[in-house]
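Presented below is the structure to which this report refers.
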Amino acid sequence: MSKKSLIDKLENMPSDRKALLNRLKRVEGQLRGIQRMIIEDKPCHDILLQLSAARKAMQNACIAILKNYIKNCIEESKTPDLEQMERLIGTLIEISPPASCTSEDEDDN
């Protein structure tokens with residue numbers, strides 16, 4: 001059994017997986033740009049805006065993976081694997097952004 005090269009795998013990859021890889025490559029480019037901004041001593045608010053955009057792009061990648069998982073692993077299965085579902089829920093909890101505290105929240109205490 002011969003091993004496929006990485007290039008062959010990429011060329012024969014389903015379009016949804018290619019789209020996800022392209023999305024992650026854009027995020028990688030954003031992160032390199034942010035590193036360059038730090039080296040070039042760009043204003044903090046510019047860096048923070050780019051970090052926010054990169055975080056949003058990563059969140060969108062997570063959503064795309066989740067949608068694909070639901071489509072492939074749950075819709076096509078007549079009996080979803082409860083252990084897989086528990087792992088998925090645990091992962092969603094881990095990747096969800098923490099609740100932010102605002103001054104209004106502090107006033108309620």
Side-chain angles (χ1 to χ4, degrees):
M1 193 165 147
S2 66
K3 292 183 179 182
K4 283 188 171 182
S5 73
L6 185 58
I7 293 172
D8 289 337
K9 287 181 182 180
L10 288 172
E11 287 177 357
N12 297 317
M13 187 177 292
S15 62
D16 59 331
R17 292 178 86 188
K18 283 182 183 179
L20 180 60
L21 282 176
N22 287 334
R23 184 185 299 250
L24 292 174
K25 287 177 185 179
R26 283 192 299 273
V27 172
E28 181 181 21
Q30 285 178 299
L31 294 175
R32 284 192 189 123
I34 293 165
Q35 292 171 5
R36 191 171 36 255
M37 291 174 77
I38 292 170
I39 292 168
E40 295 172 355
D41 200 25
K42 297 293 183 184
C44 290
H45 69 274
D46 292 344
I47 295 170
L48 291 171
L49 285 173
Q50 290 304 312
L51 282 169
S52 177
R55 182 183 63 209
K56 183 69 174 172
M58 287 295 296
Q59 288 172 334
N60 287 337
C62 289
I63 290 168
I65 290 171
L66 176 60
K67 285 180 180 178
N68 187 51
Y69 176 84
I70 290 171
K71 179 181 178 220
N72 292 332
C73 297
I74 295 175
E75 283 183 359
E76 294 175 4
S77 173
K78 296 192 188 316
T79 55
D81 183 347
L82 293 179
E83 189 174 314
Q84 277 188 333
M85 292 297 292
E86 287 177 7
R87 279 197 313 263
L88 174 63
I89 291 167
T91 301
L92 289 171
I93 291 169
E94 285 181 33
I95 67 171
S96 65
S100 62
C101 295
T102 63
S103 58
E104 291 174 7
D105 292 337
E106 292 169 3
D107 291 342
D108 291 340
N109 292 331

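Every heavy atom of this structure was used, including side-chain atoms; hydrogens, water molecules and symmetry mates were not.
- Judged as a side-chain hydrogen bond (donor to acceptor under 3.5 Å, both in side chains), and not counting sequence neighbours, the contacts of E28 are R32.
- Summarising the geometry, atom CG belonging to L10 is positioned 6.5 Å from atom CG belonging to L21; distances are rounded to the nearest 0.5 Å.
- The shortest side-chain heavy-atom distance between Q30 and V27 falls under the 4.5 Å cut-off.
- Taken to the nearest 0.5 Å, the CZ atom of R36 stands 11.5 Å off from the CG atom of L31.
- The number of heavy atoms from other shown groups lying within 6.0 Å of CE (M58) does not exceed 12.
- A distance of 7.5 Å separates CE in M13 from CG in L6, rounded to the nearest 0.5 Å.
- Panel note: side chain T91, backbone R87; a donor-acceptor pair is recorded below 3.5 Å.
- By the rule that hydrophobic residues join a cluster once side-chain heavy atoms approach within less than 4.5 Å of another member, L51 and I38 end up as members of one cluster.
- Evaluation of the salt bridge (charged side-chain N to carboxylate O under 4.0 Å, His left out) test over residues 38-53, restricted to residues two or more places apart or in two chains, returns E40-K42.
- Judged purely by atom type and a 3.5 angstrom limit, K18 uses its side chain to pair as donor or acceptor with the backbone of E11.
- Minimum heavy-atom separation, A57 to R23: O-CD, 4.3 Å.
- Residues I34 and L48 are members of one and the same hydrophobic cluster, defined by side-chain heavy-atom contacts under 4.5 angstrom among Ile, Leu, Val, Met, Phe, Trp and Tyr.
- Taken to the nearest 0.5 Å, the CG atom of N22 stands 13.0 Å off from the CZ atom of R17.
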